[in-house]
Amino acid sequence: YDFTACQLDILFLLLALLEKDDPVDKKYDLYARDIEAITGRQWQYNQLQESTETMGIRMFSIETSSYLEQMWLFNGFKYIKGKGYFTASISSDARPYLFDLKNNFTILQLNSVLSCSSKYAKRLYALACQWRTAGKIEIPIDKLKEMLHLKDPKGKEKEQFRQIGQLKEKVLDIAKRQINEHTDIRFDYELKKRGRSFETIILYIDYRKEKQLSIDFNQSIDFQKKVSVIAGYGVTKE
C-alpha cells in the first residue's frame, strides 16, 4: 500500500497483462508508452528503474492461524536498452495472489486508476470499488492510516499526518478530487468524533453512470490504446 504513484502504475499495467493461461515462467513486457497513451502521464526511464528497484525488495507477509509466509512479488526486472520497455518476472509464490487481486477488482477500470496521480487516490479508489455496492463503509482512522501506510501497526516507523488537518489536506481532499474527476465513482467522506478527538471516518461511495470509456483488465493493452486514440475524435464507446 505504500507504493508510489509510479509503482502503482507499473503494478496495474502488469495486472492488465496477466492472463489465466499464461505459463508460470512467463516474462511480461511493460512499455512506458502504454502508460502514457492511457493516462497522458510520462515516466522517465530513471523513475521507472528506481521504482522497480524498490518494488523488487518489498517483502509481503501472509499470516494464518497455522503459518506466517514471507514473499516477494518479483524475481527480477530487465531493461532493454533503446527499446522503451522492460520485462517483469513474477515470483511463482506470489503469482496466485496477483491473479486474485486482478479478479477481485474486475470492476476497477485500468483507465480510472491510472488517471489518478496521487497514490492515496489510487488506493482509496480500489477500496471504494470493493464497497460500492454497500454505498459506504466506516473505518477507524488509525486503521485507514495503516491501510495507506501512513502508520506502522508495529510502531517502528514514524506516523505521518498526525494532525487531522494534514490528513484532510494532503490525503483525503486530494483523493476525493481526483476520484470524482477521473473515475466512475462519486466519492466523499465524513470524519466522526468520539469525545474531543476524531476516531472514525465514513467513506461514501456512490456509483454513477460512466462518462468515460470502460477499459478493464480483460482487454489487451493494444486494444486499450486504439480505443483511446479513436475516442479522441469524439467517437462513442458503441
Side-chain angles (χ1 to χ4, degrees), residues 1-39 41-64 66-116 119 122-123 125-127 129-130 213-230:
Y1 297 155
D2 59 338
F3 277 6
T4 65
C6 184
Q7 290 169 336
L8 287 170
D9 281 355
I10 293 170
L11 178 62
F12 284 119
L13 190 64
L14 176 62
L15 289 179
L17 294 172
L18 292 178
E19 299 289 347
K20 61 180 180 180
D21 296 326
D22 289 344
V24 175
D25 59 350
K26 179 176 178 177
K27 292 180 172 60
Y28 296 88
D29 296 338
L30 301 170
Y31 286 82
R33 66 171 183 264
D34 288 343
I35 296 179
E36 184 178 357
I38 296 171
T39 68
R41 189 163 57 251
Q42 191 172 23
W43 296 112
Q44 300 300 323
Y45 235 44
N46 63 323
Q47 292 175 294
L48 293 170
Q49 290 172 7
E50 290 173 1
S51 294
T52 53
E53 178 181 348
T54 308
M55 292 171 77
I57 61 175
R58 282 283 159 78
M59 185 272 290
F60 290 82
S61 298
I62 298 173
E63 186 171 4
T64 72
S66 56
Y67 67 86
L68 170 67
E69 183 176 8
Q70 296 177 328
M71 68 170 62
W72 288 258
L73 296 185
F74 303 99
N75 289 327
F77 300 92
K78 180 185 288 186
Y79 284 81
I80 313 302
K81 295 183 178 179
K83 298 296 183 180
Y85 76 95
F86 60 96
T87 63
S89 177
I90 301 173
S91 160
S92 58
D93 289 335
R95 188 178 183 83
Y97 296 102
L98 287 176
F99 275 95
D100 284 345
L101 179 62
K102 174 173 178 171
N103 292 334
N104 285 338
F105 290 118
T106 52
I107 257 179
L108 183 149
Q109 296 181 26
L110 180 62
N111 191 52
S112 290
V113 75
L114 289 176
S115 295
C116 296
K119 65 177 181 180
K122 292 173 187 290
R123 175 64 191 125
Y125 173 73
L127 182 66
C129 284
Q130 293 177 276
L213 291 171
S214 178
I215 302 177
D216 63 32
F217 289 139
N218 297 315
Q219 295 172 336
S220 72
I221 295 299
D222 283 340
F223 178 80
Q224 293 179 48
K225 290 193 294 181
K226 291 171 183 174
V227 167
S228 179
V229 171
I230 295 171

Using every non-hydrogen atom in the two residues, find where [X] and [Y] come nearest and quote the distance to one decimal.
X     : Y     : answer
Ile80 : Tyr45 : O-OH, 3.5 Å
Val24 : Ser92 : CG1-CB, 4.3 Å
Arg33 : Lys83 : NH1-O, 4.5 Å
Gln42 : Gln47 : O-OE1, 4.2 Å
Thr54 : Gln7  : CB-NE2, 3.3 Å

Look up atom [atom1] in [X] and atom [atom2] in [Y], then write down how far apart they are to the nearest 0.5 Å.
X      : Y     : atom1 : atom2 : value
Leu73  : Asp93 : CG    : CG    : 11.0 Å
Ile90  : Leu17 : CD1   : CG    : 9.0 Å
Phe60  : Glu69 : CZ    : CD    : 13.0 Å
Tyr97  : Met71 : OH    : CE    : 4.5 Å
Gln70  : Glu63 : CD    : CD    : 10.0 Å
Lys119 : Asp9  : NZ    : CG    : 13.0 Å

Are the side chains of [X] and [Y] in touch, meaning some heavy atoms are under 4.5 Å apart?
X     : Y     : value
Tyr31 : Leu13 : no
Asp21 : Glu19 : no
Phe3  : Arg58 : yes
Tyr28 : Asp22 : yes
Met59 : Trp72 : yes

Can any side-chain N or O of Lys102 pair as donor or acceptor with the backbone N or O of Leu15 at less than 3.5 Å?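 At least one qualifying donor-acceptor pair exists.
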
For atom CD of Glu53, is the number of surrounding heavy atoms from other residues, nucleotides or ligands below 6.0 Å larger than 12? no

Derivation of the side-chain contact (heavy atoms from CB on, under 4.5 Å) call for Glu50 and Thr4: CA-CA 11 Å; Glu50 290 173 1; Thr4 65; over 6 Å; no

Start with the C-alpha distance between Leu48 and Tyr79, add both sets of side-chain angles, then the distance that settles side-chain contact (heavy atoms from CB on, under 4.5 Å), and finish with yes or no. CA-CA 10 Å; Leu48 293 170; Tyr79 284 81; 3.7 Å; yes

